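Worth saying up front: this structure is predicted, and the values here are computed from it rather than measured. Start at 1 and go down the list; that is how both ligands and their atoms are numbered. Computation of the quantities below employed the complete heavy-atom set of this structure, encompassing side-chain atoms and omitting hydrogens, waters and symmetry-equivalent molecules. Numbers here are sequence positions counted from 1.
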Amino acid sequence: MKYFIGNWKMFGIPASIKIIDRINNFLVRDKKNNKKYKIIIAPPHTLLQDFSNKFKTKKISICAQNCFQKGDFGAYTGFVSAFMIKKIGINHIIIGHSENRASGENDVIIKEKIFTALKNNLNIIFCIGENKNEKRKKLTLRVLKKQITNVLKKNYNLKKIIIAYEPVWSIGTGKVPKLRELQKTAFLLKKFLKSRFGGKYNFKLLYGGSVDNKSIRNFKLIKELDGFLIGGASKSSKKFIDIIRNFYK
Ligand code: PGA
């Protein structure tokens with residue numbers, strides 16, 4: 001099963017539901033391939049309740065973009081908990097996105113977020129990735145392993161966790177890793193996950209960072225990848241659908 005996950009970030013108003021409607025229409029009609037992939041869209045918190053109600057009976061899943069790290073309720077102005085997200089019918093959440101890391105989320109906080117999301121039985125898209133400087137110093141794999149080991153415990157319900165590898169320098173820049181480089185990273189990452197977590201569970205690994213209808217033509221050659229986390233291109237139904245089309249072409 002491949003995953004195509006759209007991360008809307010700070011985008012969307014109630015009328016933006018039409019974007020997901022069009023994607024859903026494509027999905028329903030794509031009889032040839034639609035059993036091979038899953039579409040998940042992450043709109044902002046303001047739209048979660050409405051969209052999750054509207055897509056409850058559909059194959060597309062609606063996903064949260066983040067949650068607060070502590071508690072079900074509490075004196076945390078402006079934040080929402082994993083518990084609150086689960087209670088409105090949401091089953092997926094993105095945690096550890098580099099944009100959130102950039103505004104202060106560290107591994108300790110991300111660990112707490114994953115813990116509370118698991119407690120509320122949410123499926124987690126856990127984002128990791130090296131920055132430009134770390135890449136230049138050839139520290140990519142070391143950084144990724146650290147981001148994983150600082151956060152994931154061996155006794156967690158790992159089936160609830162999908163890893164999204166997103167090089168920070170690639171997000172929103174149009175720059176993508178070289179095919180061979182990405183293949184190697186994906187291969188070594190999966191190997192590491194298997195050895196670290198005892199091979200009980202085959203982790204799903206996504207790639208994210210400037211995925212569009214062109215770059216997907218190369219990414220699809222990497223068999224280690226189980227799907228894609230798509231930012232900019234997920235705000236347009238056409239661009240998002242073209243990514244899926246080109247993936248199966
Ligand atoms: P991008 O974003 O596709 O716009 O590069 C990806 C992401 O931030 O998840």
Side-chain angles (χ1 to χ4, degrees), residues 2-12 16 19-20 23 37-45 47-48 51 60-67 90 92-105 109-110 113-114 117 122-132 134-135 140 143-144 147-148 151 161-179 181-182 185-186 189 203-220 222 225-247:
K2 301 285 180 191
Y3 291 82
F4 294 92
I5 305 183
N7 173 13
W8 279 9
K9 310 186 181 185
M10 196 174 75
F11 165 83
S16 312
I19 298 169
I20 313 185
I23 295 171
Y37 61 87
K38 168 133 194 80
I39 296 178
I40 300 172
I41 303 286
H45 288 334
L47 302 173
L48 286 178
F51 287 13
I60 289 185
S61 295
I62 302 296
C63 176
Q65 294 178 14
N66 203 350
C67 67
I90 299 288
H92 294 79
I93 186 164
I94 296 171
I95 290 181
H97 193 282
S98 65
E99 285 152 12
N100 301 132
R101 290 179 191 257
S103 52
E105 274 186 20
I109 294 173
I110 291 168
K113 292 192 182 207
I114 298 236
L122 291 166
N123 297 293
I124 298 163
I125 294 110
F126 170 38
C127 301
I128 57 173
E130 86 285 5
N131 64 31
K132 204 163 135 190
E134 292 159 341
K135 177 182 161 55
T140 297
V143 169
L144 302 180
Q147 287 172 338
I148 291 169
V151 165
I161 298 172
I162 295 175
I163 309 264
Y165 168 49
E166 300 203 297
V168 180
W169 51 271
S170 173
I171 294 175
T173 60
K175 294 195 183 101
V176 295
K178 290 195 187 75
L179 192 59
E181 216 168 56
L182 179 56
T185 306
L189 207 49
F203 271 92
K204 301 260 182 238
L205 179 65
L206 314 182
Y207 168 79
S210 298
V211 175
D212 61 22
N213 59 344
K214 291 189 191 74
S215 59
I216 194 71
R217 293 199 179 109
N218 274 332
F219 294 145
K220 74 177 181 188
I222 304 178
L225 296 179
D226 301 290
F228 302 92
L229 185 52
I230 302 155
S234 71
K235 295 182 286 183
S236 144
S237 53
K238 181 174 182 328
K239 286 183 182 165
F240 193 80
I241 291 165
D242 280 349
I243 289 172
I244 301 176
R245 278 207 177 106
N246 287 349
F247 183 85

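- Protein heavy atom nearest atom 4 (O) of ligand 1, with residue, atom name and distance: Gly232 N, 2.8 Å.
- Not close to ligand 1: Gly208, with no non-hydrogen atom less than 4.0 angstrom away.
- For His97, a nitrogen or oxygen atom sits less than 3.5 Å from a nitrogen or oxygen atom of ligand 1, counting backbone and side chain alike.
- For the side-chain hydrogen bond (donor to acceptor under 3.5 Å, both in side chains) criterion with Asn66, the lone passing option out of His97, His45, Glu105 is Glu105.
- Between the side chain of Gln65 and the backbone N or O of Asn7, no donor-acceptor pair lies under 3.5 Å.
- Checked by atom type and distance alone, the side chain of Ser170 pairs as donor or acceptor with a backbone atom of Lys175 at under 3.5 Å.
- Every N/O-N/O distance between Gly209 and ligand 1 stays at or above 3.5 Å.
- Between Ser210 and ligand 1, at least one N/O pair is under 3.5 Å apart.
- Ligand 1 has no N or O atom lying under 3.5 Å from any N or O atom of Ile230, backbone or side chain.
- Atom CD1 of Ile39 sits about 5.0 Å away from atom CZ of Phe240, to the nearest 0.5 Å.
- In this structure, the side chain of Tyr165 does not engage the main chain of Pro167 through any donor-acceptor pair within 3.5 Å.
- Under the 3.5 Å distance criterion, the side-chain polar atoms of Ser237 are left unmatched by any main-chain donor or acceptor of Ile19.
- For ligand 1 and Asn7, the ligand atoms under 4.0 Å from any heavy atom of the residue are 9 (O).
- With a 4.0 Å cut-off on non-hydrogen atoms, Ile171 touches ligand 1 through its backbone as well as its side chain.
- When each atom of ligand 1 is checked for a heavy atom of Gly172 under 4.0 Å away, the hits are 1 (P), 4 (O), 5 (O).
- Heavy-atom contacts of Leu229 reach the following atoms of ligand 1: 9 (O) (cutoff under 4.0 Å).
- Panel note: side chain Trp8, backbone Ser234; a donor-acceptor pair is recorded below 3.5 Å.
- Checked against the 6.0 Å centroid threshold, Phe247 and Phe4 count as a close aromatic pair.
- With respect to atom 3 (O) of ligand 1, the closest heavy atom belonging to the protein is Gly231 N, 2.9 Å.
- The protein non-hydrogen atom at the shortest distance from atom 7 (C) of ligand 1 is Glu166 OE2, 3.1 Å.
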